[in-house]
Amino acid sequence: MKQEIQDLDVLIIGGGPAGLAAALRLRQNGIENILIAEREKQPGGILRQCIHDGFGLTRFREMLSGPEYAERFIREAEALKIPILTNASVTEITPDRIATVVARDGLRTYRARAIILAMGCRERTRGALAIPGSRPAGVFTAGVAQAYINLYNRMPAREVVILGSGDIGMIMARRLTLEGAHVQAVFEIQPYPSGLTRNIRQCLDDFGIPLHLSHTVTKVHGERRVTGVTVQEVGDGFRPIPGTEQFYPCDTLILSVGLIPENELSLGAGVKLDPHTRGPIVNERFETSVPGIFAAGNVLHVHDLADYVSLEAEELADAVTDYVTGKDLPDCSVSVTCDKNINHVIPQTVSLRESVNLSLRVNRPLTDVKVAAVQGGDVIAKKTLKKALPAEMISLHVPKDRILPGKELEVRIL
Amino acid sequence: MRKTSERSTDSPVTVAGCPRSTDSPGTGPEFQHSTDSPGTEAGSPRSIIGPVTGAGCPRGESYFIQEITDPRRTLASSVLVTGGELPLCSVRLTEPVPIARIPDVMKEIRKMKVEAPLESGTVLIRDVLGLGSNVIATKTIRRIKDTQ
Amino acid sequence: MEHEYDVLIIGGGVVGCAIARELSAYRLQIGVLEKNPDVGYETSARNTGVVHGGFAYDVGSLKAALCVEGNRMMGELAKELHFPFKRCGKILVGHTEEEYARLLEVIRQGEACGASNLRMVDREELHTIIPSAEGNFALLSENSGIVDPFLMTSALAENAAENGVDFHLSCEVSDISREDGLWVIRTKNEVFTTRWIINSAGAQCGKISEMLGIRGYRIIFSKGDYIVLDPRLGTMVPMPIYTVPSNTYMGIHVTVTTEGNLLLGPTAENKEDPEDYGTEQKNLDFLYEEAMRIWPHFTKGDCIRTYSGVLPKWVDENGTIQDFRIEIRDKEAPNAVNLIGIESPGLTASVPIARYVIRLMKEREVFEPNADFNPARNEIRRFADCTREEQEALIRENPDYGEIVCRCSKVTRAEILSAIHNPLGARTMAAVKYRTRCMMGRCQGGYCQMRIAQMLETEAGLDPCEIMYARDGSPLFFGKVRG
């Protein structure tokens with residue numbers, strides 16, 4: 001049986017904001033032989049269902065909806081004749097960058113000089129949280145509810161309780177309310193909200209939906225459809241406090257309890273993941289531990305603004321351009337470390353020979369912070385912020401001329 | 001139960017409207033307000049005791065005053081599509097409208113039925129309810145046979 | 001609506017479906033009445049999926065004899081009906097001298113029951129078989145195995161349907177009476193008359209037995225909670241790991257499933273309501289702790305979901321668990337086969353139980369063979385289990401095999417369509433889920449459930465409000481957003 005292998009300069013897995021931006025930049029850089037593999041019938045990724053505005057503010061200086069933001073890239077990709085294979089699933093990638101793609105017209109094999117991972121992320125589920133109780137209809141993650149309402153024209157809820165004050169949960173609180181559902185409350189296990197303040201104001205306060213911090217759902221009730229949830233206050237170690245049980249009758253529990261980068265394909269290729277981000281460990285060129293395999297966007301670390309995903313993907317595309325054109329690139333063997341206030345930093349390894357944009361998140365809300373890149377006790381770059389929230393990614397630019405060779409790089413809150 | 005949405009009338013009020021409240025525009029301006037509490041009635045003027053402080057960006061002060069005197073919001077929703085490859089087209093307002101009129105705008109949006117094909121950006125309702133904002137389509141929807 | 005049958009089987013669990021399938025080899029009008037919208041909803045699919053060796057039961061008991069027979073024939077059955085079965089073996093690990101002696105006793109008892117291929121393995125051999133297991137020695141039962149209990153149940157049912165058995169789903173029996181030498185069964189909307197009636201109602205066996213006029217059976221319900229771990233861990237456990245049993249409790253196990261997931265469980269607690277399936281935090285905490293002692297290689301972050309199941313046990317006035325009872329009481333309830341207390345090893349023993357039932361029936365009536373009976377079932381090819389060449393051939397034949405719908409388990413549109421069009425007429429999300437593995441992976445349907453709901457609407461001709469998650473009355477939607 002003949003197995004044709006098609007050669008590519010770059011295979012991009014995922015036609016969402018990261019994949020699209022990377023493709024456009026690659027083509028602008030003169031890389032011709034590229035292909036986007038997208039498993040949905042249309043490109044755009046998660047943006048297709050994010051119909052609220054807030055996209056494109058920094059990039060286009062406009063307040064666009066997700067679909068509009070995506071369409072800017074898709075139109076340009078069409079104009080540049082960048083091939084996008086839709087309704088096609090990449091089922092395997094190997095360490096030597098051979099990819100298998102399954103489509104309605106058969107199996108295809110590609111050998112790419114570089115692969116860009118842009119698969120985005122999945123939502124944390126009720127199963128993963130192991131919330132006790134029965135398993136009735138009516139427990140949905142926020143993204144699923146969003147897809148049902150915005151893409152499939154199906155209304156999955158009437159009386160709603162939301163667990164998790166992440167952005168998508170709050171966006172859905174508003175969406176559900178506008179479509180006639182009654183959102184009774186949002187519960188958040190942390191003592192502070194997970195999402196942007198803007199969303200608390202415009203999605204909860206505007207509609208009189210209360211947000212209860214330091215609470216969680218401890219049981220789901222109902223044999224067929226949800227009939228209610230038990231909610232409890234949590235104390236040390238997020239353990240439910242006995243005696244604080246409250247029953248909320250409802251027919252829907254929406255979960256907005258975290259996003260997990262979708263890296264099953266990456267694991268199959270031997271890519272090493274960072275347990276803090278659950279995305280690949282990358283160097284300053286966004287290259288993973290497997291040479292020629294790169295990652296950007298939500299698959300690398302969960303972003304909060306699509307605009308920054310596009311920027312990151314463009315940076316990555318420049319790096320991939322250098323890689324496939326055979327440019328001599330410095331070794332990245334220096335680990336970037338961070339102090340206990342910081343959850344993670346991207347990239348995890350650097351060369352100390354080039355400028356680098358560090359992306360990081362703090363572990364808990366902090367006020368009047370100085371985020372600093374430090375080498376050997378000296379601050380080589382810093383940024384001052386009135387407020388730092390875990391919900392908001394912070395970027396810190398470290399210019400090449402400030403970097404000291406041969407010394408460890410640490411990111412600290414001063 | 002603690003609620004972040006509760007505000008006491010004696011403490012400073014912050015208003016956050018920007019997508020990025022930390023990195024670029026600041027957390028929002030603050031002020032020491034009068035005995036009137038904000039948000040009780042859309043459109044009525046307020047008397048402000050002290051100056052507006054703490055605005056992290058140049059637009060902060062005017063945004064803040066708008067928010068206190070006449071809060072406005074944009075809106076995103078969906079309209080029914082016939083003959084298209086998708087059953088719904090997402091729509092949004094081009095300008096914010098007074099918050100109290102949002103339910104009326106939703107009523108207009110719910111009445112709509114649009115025929116595919118539909119280009120993103122198409123004005124579906126011009127100057128909806130005379131509020132100074134258009135309702136535009138935010139997706140391009142092709143006719144269902146075009147996709148074969 | 002009135003229906004007339006030769007045989008009506010009450011209960012579409014694995015035993016009811018096995019009886020239906022075995023009986024369809026004879027020329028009889030056969031029907032199955034199942035109260036849920038699909039087969040295998042209760043005890044049959046909510047268990048550990050282990051095919052037992054037959055050594056854990058009293059010598060001379062039906063449990064022992066039927067289990068040994070079921071174990072022996074499972075390989076053939078799985079091939080005929082195309083459901084997943086692995087004769088992977090099973091170990092019972094021990095640490096102390098007392099446990100060692102107990103295991104030797106288990107071997108003695110087992111061999112007296114007719115079980116075979118049981119032997120002790122020492123520490124070294126144990127760690128060759130399962131490097132990650134904790135223990136000084138173990139009993140190895142080489143005949144034991146694992147099966148997908150839902151697929152086994154639905155395979156039996158679908159083969160029965162293909163051989164002419166009618167399945168009446170969402171059909172709960174409300175009344176049984178005897179009129180003019182026939183049994184008359186009433187459900188909410190229908191009346192059935194039948195010459196033979198078979199009570200294989202599982203957890204409801206006591207209730208149906210009373211309706212038949214056979215009173216006095218005391219049934220208790222033992223509920224067990226389970227934790228399902230990521231399939232990544234399944235590669236470390238080639239066979240179920242059990243602990244040394246005591247007289248009342250099998251202990252919790254760490255079991256690999258045919259899909260490669262790991263199961264921790266079950267707990268055991270008597271409950272009043274056989275359908276109280278809510279998992280409880282205290283049980284989940286207990287499972288984590290106990291499982292850590294047997295196999296300390298997982299974290300709570302590896303949990304992908306939890307579930308529970310209930311075993312109906314027939315007990316005497318002292319609360320002692322009894323053997324299977326399979327009986328016909330010619331005076332009190334003629335032509336009624338009464339199955340009481342079918343708990344573990346009911347799954348392993350299901351076809352032998354069915355044959356036992358039929359032997360009892362044939363002592364009273366001659367059955368003509370059904371010349372058209374076909375014991376084999378067509379395989380629905382699973383794309384994810386095929387070689388590359390097979391995958392290419394499948395797609396060429398049917399492009400729906402080239403459209404992956406469930407990303408986590410690589411389930412294609414073709415398989416989902418097959419599941420939606422199953423011969424039983426089950427049309428719920430769960431019916432699709434348990435036949436194809438979709439919605440059971442890492443994302444738990446986060447990516448694919450919307451597409452599956454849409455496919456159910458289009459393919460099964462259902463309105464949005466008719467899409468049920470699992471049980472009747474478990475709708476996903478309240479209607480459309482627009483229109």
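Within every chain, numbering begins at 1; the chains are lettered A, B, ... in the order of the sequence lines, protein sequences first and strands thereafter.
Heavy-atom distances place both the backbone and the side chain of Gln281(C) under 4.5 Å from chain A. For Arg407(C), the part lying near chain A is the side chain, with the backbone staying farther off; criterion is any non-hydrogen pair under 4.5 Å. Contact of Glu179(A) with chain C is made through the side chain alone, with heavy-atom distances under 4.5 Å. Neither the backbone nor the side chain of Asp225(C) comes within contact range of chain A, judged by heavy atoms closer than 4.5 Å. Lys480(C) touches chain A through backbone and side chain together, each having a heavy atom under 4.5 Å away. Proximity to chain A (any heavy atom under 4.5 Å) is restricted, for Arg413(C), to the side chain, taken from C-beta onward. Using a 4.5 Å cut-off between heavy atoms, Ala453(C) touches chain A through its side chain atoms alone. Heavy atoms closer than 4.5 Å to chain A are found in the side chain of Tyr447(C), but not in its backbone. Of the atoms belonging to Thr91(A), heavy atoms from both backbone and side chain fall under 4.5 Å from chain C. For Ile304(C), the part lying under 4.5 angstrom from a heavy atom of chain A is the backbone only.
For the set Met429(C), Gln454(C), Gln449(C), the entry with the most heavy-atom pairs within less than 4.5 Å of chain A is Gln449(C). Ranked by heavy-atom pairs under 4.5 Å with chain C, the list Thr252(A), Val102(A), Leu107(A) is led by Leu107(A). Interface check for chain A: of the options Leu394(C), Thr306(C), Asp400(C), the most heavy-atom pairs under 4.5 Å are formed by Asp400(C). Interface summary for chain C: among Lys219(A), Arg124(A), Glu262(A), the most heavy-atom pairs under 4.5 angstrom belong to Glu262(A). Among Pro464(C), Gly446(C), Ala470(C), the residue with the largest count of heavy-atom pairs under 4.5 Å with chain A is Pro464(C). The candidate with the highest count of non-hydrogen atom pairs below 4.5 Å against chain C, out of Thr125(A), Leu129(A), Thr141(A), Ile131(A), is Thr125(A). Among Gly278(C), Pro399(C), Pro475(C), Cys443(C), the residue with the largest count of heavy-atom pairs under 4.5 Å with chain A is Pro399(C).
Residues Arg135(A) and Tyr307(C) meet the side-chain proximity criterion, which asks for heavy atoms closer than 4.5 Å. The closest side-chain heavy-atom distance from Arg122(A) to Arg442(C) is below 4.5 Å.
Although no hydrogens or angles enter the test, the distance criterion places no donor-acceptor pair under 3.5 Å between the side chain of Arg104(A) and the main chain of Glu403(C). Between the side chain of Arg396(C) and the backbone N or O of Gly106(A), no donor-acceptor pair lies under 3.5 Å.
Few gaps surround NZ on Lys282(C); more than 12 heavy atoms of other groups in view lie less than 6.0 Å from it. Within a 6.0 Å sphere centred on CZ of Arg278(A), heavy atoms belonging to other residues, nucleotides or ligands number 12 at most.
Of all the heavy atoms in Thr279(C) and Pro132(A), the pair that sits closest is O-CB, 3.2 Å. Nearest heavy-atom pair across Gly445(C) and Val144(A) is O-CG2, 4.5 Å. Shortest non-hydrogen contact noted between Ser474(C) and Ala137(A) is O-CB, 3.4 Å.
For residues 146-158 of chain A, a heavy-atom distance under 4.5 Å to chain C picks out Ala147(A), Tyr148(A), Ile149(A), Tyr152(A), Asn153(A), Arg154(A), Met155(A), Pro156(A), Ala157(A), Arg158(A), given by residue number.
In this structure, CD in Glu123(A) is found 12.5 Å from CD in Gln444(C), a value given to the nearest 0.5 Å. Residue Lys410(C) holds its NZ atom at 7.5 Å from CD of Glu92(A), rounded to the nearest 0.5 Å. Distance OH/Tyr469(C) to CZ/Arg225(A): 11.5 Å, rounded to 0.5 Å.
Between Glu264(A) and Arg232(C) there is no salt bridge, since no side-chain nitrogen of the basic residue lies less than 4.0 Å from a carboxylate oxygen of the acidic one.
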